Chemist: 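Have a look at this one before I ask anything.
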Amino acid sequence: MANIFGDFRRVLLSALDDLVAEDALPPGLDMTRVAVEPPRDPAHGDLATNAAMVLAGQVQQNPMVLAEKIAAALQGRELATGDYRGSGFSVHAVKPGFLNIRLDPAVWHAQLRAILEAGTAYGDSTVGQNERVNVEFVSANPTGPMHVGHGRGAVVGDALAALLAKAGFAVHREYYINDAGAQVDALARSLYFRYQEVVAAQPESRLLHSSAVLQAALVQPEGFYPGEYLKDAARKLFQRDGEKWFDKPEAVWLGPVRDFAITEMMALIRDDLAALGVGFDAFVSERELVRSGAVDAALAALTERGLIYEGVLEPPKGKLPDDWEPRPQTLFRATQFGDEVDRPLKKSDGSWTYFAGDIAYHHDKFRRGFRNLIDVWGADHGGYVKRMQAAVKALSDGEAALDVKLCQLVHLFDKGEPVRMSKRAGTFVTLRDVIDQLDELAGEHGKDVFRFIMLTRKNDQTLEFDFAKVTEQSKDNPVFYVQYAHARAASVMRHAAEMLSRDQLSDAALAEAPLGRLGDPLELALIRLLASWPRIVEGAAEAHEPHRIAFFLQDVAAQFHLLWTKGKDEATLRFLVGGDPELTRARLALVRAVALVIASGLRVFGVDPVDEM
RNA sequence: GACCCCGUAGCUCAGCUGGAUAGAGCACUCGCCUUCUAAGCGAGAUGUCGCCGGUUCAAGUCCGGCCGGGGUCGCCA
């Protein structure tokens, strides 16, 4: 894939080699910090390099003098690779020691051709070198439908995974099902409560005579889940099993009812994920891990390394829990790996803590060959990051790295008014509610709106989500603004069909258009922006920051709208130029390239580009 | 008390892993808008980058210490 920055860097390095050969520079210089970047200010040219300033210290020379020297060595060279082979450039040494490079426009025209030839694959990179990455996200407890916070995590994880794939990593998406702890027992008891209600309401029940008594005896269990969805599940359970469990002791029904509940809840969650367009390569069950002995294996691995011991922890600072008592427990030496305290692995009842299971899970990822691990969590799990990283470091002997992306809260608003949520008051808003609402307001593109907006903030920034704003058709709304640019490009192409034949309008044909006719500064600026897409992909992928793409797409849309508007004032700048089909084809090549790059970016986000609005 | 995140224009936020004069949108002022798709366009004004030190050719960006806001803090997940 054409990458002008890398290509120019090679030219620069060969010029520096020549200077070394001429004894103008000493051998053995460290070039790692020599960068070729787009300058912030377009007045500084197309490319800029800090070479003189980075090397000045090493060779004890004035950076400006050195810059002049390098500029002279670059003089007369040509770009040796890519579609722009043989193109020239000019170099200027400037102020503190920067080298500003201006490329022949032909270089940019070649970039434009490359976009048309690559299509939405433009921006694909090989920096990932097919290295495997495991992205774990959502992992919502199977105790009910997803809420908005889960939705953010789902979108961030999914987009990050797609971004990494585009950057050349071999990505694996996983969902960890927390189906082993006390919460799923509470879920099972809650479902059983609803089940009893269903049975008691059966007119023909053989237990009808005692239903009044039973009603009085019905007690909501500890940690009761009040949602309506459990009533549905209870009806299904009754349909399947009838009154079978009704008068049995808990020891009998708890297991089967729990299994049923988890299956039902995961079905709900899968529906929610499907509504968002999020898919996984694997769902990993905590209970399955425990059953398979994975926890024992992980703990054995830690024991082998001398990282487990029986000990008593200091009481936590701050608010002391009421029932605190010093007690010896099984601890992991997390402090050896940067955590504040050593962490318990067993509960007082002898069962594993959540942490123990999670250690086993991450150990399992490592054993499956993953060295790059990414977890996407809610910000309320922030206190858990260090211990998990400590465990990964310990179990992989430092070979694997875990990056945790914490997603901050989403605050829902409508027309500036906060949407108050309370589980107790029944005004709890599920993810599905939000998407349905958006479908209504935005015409069936609810998930696209939701996904895009979720990515318009860094993950660690709280996000304000206003139903009115995200569905309004105006420039203030980034989803609309970007989609409109895509639709507008499509619209221009439809109009072009009145001037040119279908064959002439294919991407392949447009790639052969006389692109040299594109010489307006605005046109070249737009091409430059489009050509930076591969760089954006690589940077965002390396930083694990998908939100950068949202900002890039807004930039592209803004530049495109700007050019379009310019055509209103200056007829010569219109895309469709009557009487000049060649120029028109060149302009259409640019229009198509805009659409392709936007589509390429939206694809990373899992958002469908629209051709009409 | 400890740890994590945040602090950039009046507001909401970017700032491309250290680059040149710190940006965008909203709001504000002024002008424009019968033409490829309309939901707008152009111009103007706006800053102790929370504060103080340090690292270096160069710091909003990295390090240390404060201040302010949020979150978390044994056997919940």
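Remember, it's a predicted structure, so these values are computed and weren't measured experimentally. In what follows, chains carry the letters A, B, and so on, assigned in the order in which the sequence lines appear, proteins first and then strands, with residues in each chain numbered from 1.
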Chemist: What do you reckon, do Phe98(A) and the base of A20(B) stack, with centroid distance below 5.5 Å and planes below 30°?
Modeler: yes
Chemist: NA contact type, Ala496(A), heavy-atom cut-off 4.0 Å: base, sugar-phosphate, or nothing?
Modeler: nothing
Chemist: So which one's nearest nucleotide on RNA chain B is more toward 5', Gly57(A) or Asp380(A)?
Modeler: Gly57(A)
Chemist: Do we see a donor-acceptor contact under 3.5 Å between the side chains of Asp375(A) and His362(A)?
Modeler: yes
Chemist: OP1 or OP2 of C4(B) sitting under 4.0 Å from any side-chain N/O of Lys386(A)?
Modeler: yes
Chemist: If I pick the C1' atom on G40(B) and the same atom on G19(B), what distance separates them, to the nearest angstrom?
Modeler: 37 Å
Chemist: Side chain of Leu406(A): nearest nucleotide among C76(B), C4(B), A39(B)?
Modeler: C4(B)
Chemist: From CZ of Arg33(A) over to P of U61(B), roughly how many Å is that when rounded to an integer?
Modeler: 16 Å
Chemist: Kindly say if Lys346(A) contacts the phosphate of G74(B), meaning a side-chain N or O under 4.0 Å from OP1 or OP2.
Modeler: no
Chemist: What is the nucleic acid contact for Ser491(A), judged by heavy atoms within less than 4.0 Å: base, sugar-phosphate only, or nothing?
Modeler: base
Chemist: Does a donor on one side chain and an acceptor on the other come within less than 3.5 Å for Tyr361(A) and Glu174(A)?
Modeler: yes
Chemist: Can we say Arg535(A) and Glu538(A) salt-bridge, meaning some charged N sits less than 4.0 Å from an Asp/Glu carboxylate O?
Modeler: no
Chemist: Choosing from C5(B), C13(B), C75(B), which nucleotide comes nearest the side chain of Arg457(A)?
Modeler: C13(B)
Chemist: Taking only the C1' atom of each, what is the distance from C30(B) to G68(B) in whole angstrom?
Modeler: 39 Å
Chemist: When we call it a touch if two heavy atoms are under 4.0 Å apart, what does Arg488(A) touch: a base, just sugar-phosphate, or nothing?
Modeler: sugar-phosphate
Chemist: Quick one: label Thr462(A) by what it contacts on the DNA or RNA (base, sugar-phosphate, nothing), any heavy atom closer than 4.0 Å.
Modeler: sugar-phosphate
Chemist: Taking atom types as they are modelled, would you say the side chain of Ser348(A) forms a donor-acceptor pair with the base of C75(B) within the 3.5 Å cutoff?
Modeler: yes
Chemist: As a test of reading the structure: which of A2(B), C57(B), A77(B) is closest to the side chain of Met53(A), going by heavy atoms?
Modeler: C57(B)
Chemist: How many Å lie between CZ on Arg548(A) and P on G15(B), as a whole number?
Modeler: 7 Å
Chemist: Nearest to the side chain of Tyr481(A), heavy atoms from C-beta on, is which of C75(B), C41(B), U35(B)?
Modeler: C41(B)
Chemist: Mind checking who C3(B) pairs with, Watson-Crick or G-U wobble, both distances under 3.5 Å?
Modeler: G71(B)
Chemist: Would you mind reading off the distance between Leu573(A) atom CG and C41(B) atom P, rounded to a whole angstrom?
Modeler: 16 Å
Chemist: Under 4.0 angstrom, heavy atoms only, what part of the nucleic acid is Tyr484(A) near: base, sugar-phosphate, or nothing?
Modeler: base
Chemist: Would you state whether a donor and an acceptor, one from the side chain of His381(A) and one from the base of A77(B), lie under 3.5 Å apart?
Modeler: yes
Chemist: Val385(A) near the nucleic acid: base, sugar-phosphate alone, or nothing, with a heavy-atom cut-off under 4.0 Å?
Modeler: nothing
Chemist: Rounded to the nearest angstrom, tell me the gap between atom OH in Tyr309(A) and atom C1' in G74(B).
Modeler: 12 Å
Chemist: Taking atom P of G23(B) as reference, at what distance in whole Å does atom NE2 of His44(A) sit?
Modeler: 11 Å
Chemist: What does Leu562(A) touch in the nucleic acid at a heavy-atom separation under 4.0 angstrom: a base, only the sugar-phosphate, or nothing?
Modeler: sugar-phosphate
Chemist: So what does Asp339(A) touch, heavy atoms closer than 4.0 Å: a base, only the sugar-phosphate, or nothing?
Modeler: nothing
Chemist: Take the protein atom CD of Gln554(A) and the nucleotide atom P of C16(B), then report the distance between them rounded to whole Å.
Modeler: 16 Å
Chemist: Do any side-chain nitrogens or oxygens of Lys458(A) fall under 4.0 Å of OP1 or OP2 in C5(B)?
Modeler: no
Chemist: Please report, rounded to the nearest Å, how far the P atom of C73(B) is from the OH atom of Tyr384(A).
Modeler: 13 Å
Chemist: With distance as the sole criterion, is a donor-acceptor pair present between the side chains of Ser600(A) and Lys166(A) under 3.5 Å?
Modeler: yes
Chemist: Counting only side-chain heavy atoms from C-beta out, which of C5(B), A20(B), A14(B) sits nearest to Gln408(A)?
Modeler: C5(B)
Chemist: Which part of the nucleic acid, if any, lies within reach of Phe551(A) when heavy atoms closer than 4.0 Å are counted: base, sugar-phosphate only, or nothing?
Modeler: sugar-phosphate
Chemist: Per the atom types in the model, does the base of C75(B) pair as donor or acceptor with the side chain of Arg327(A) at under 3.5 Å?
Modeler: yes
Chemist: Look at all strands and tell whether Gln473(A) reaches a base, only sugar-phosphate, or nothing, counting heavy atoms closer than 4.0 Å.
Modeler: base
Chemist: Reckon Asn50(A) touches a base, only the sugar-phosphate, or nothing at all at heavy-atom distances under 4.0 Å?
Modeler: base
Chemist: Is Lys566(A) paired with Asp520(A) through a side-chain N to carboxylate O contact shorter than 4.0 Å?
Modeler: no
Chemist: For Leu563(A) and Ile536(A), take the nucleotide of RNA chain B holding the closest heavy atom to each; which residue's nucleotide lies nearer the 5' end?
Modeler: Ile536(A)
Chemist: Is the backbone of Gln408(A) close enough, under 3.5 Å, to the side chain of Asn459(A) for a donor and an acceptor to pair up by distance?
Modeler: no
Chemist: C1' atom, U46(B) versus C51(B): distance in rounded Å?
Modeler: 23 Å
Chemist: Across the strands shown, which category fits Ala543(A) at heavy-atom distances under 4.0 angstrom: base, sugar-phosphate, nothing?
Modeler: base
Chemist: Counting the atoms with a prime plus P, OP1 and OP2 as sugar-phosphate, which does Pro96(A) contact under 4.0 Å by heavy atoms, base, sugar-phosphate, or nothing?
Modeler: nothing
Chemist: Would you check, one step at a time, whether the test side-chain hydrogen bond (donor to acceptor under 3.5 Å, both in side chains) holds for Asn141(A) with Thr143(A)?
Modeler: CA-CA 5 Å; Asn141(A) 294 338; Thr143(A) 53; 5.2 Å; no
Chemist: Rounded to whole Å, how long is the line connecting atom NZ of Lys566(A) with atom C1' of A43(B)?
Modeler: 11 Å
Chemist: Using a 90° cut-off around 0 for syn, call U17(B) syn or anti.
Modeler: syn
Chemist: Is it true that Arg548(A) and Glu545(A) have a side-chain N and a carboxylate O under 4.0 angstrom from each other?
Modeler: yes
Chemist: Ignoring hydrogens and geometry beyond distance, is the side chain of Asp555(A) in donor-acceptor contact with the base of A24(B) at under 3.5 Å?
Modeler: no
Chemist: How would you label the contact of Glu472(A) with the nucleic acid (heavy atoms, under 4.0 Å): base, sugar-phosphate, or nothing?
Modeler: nothing
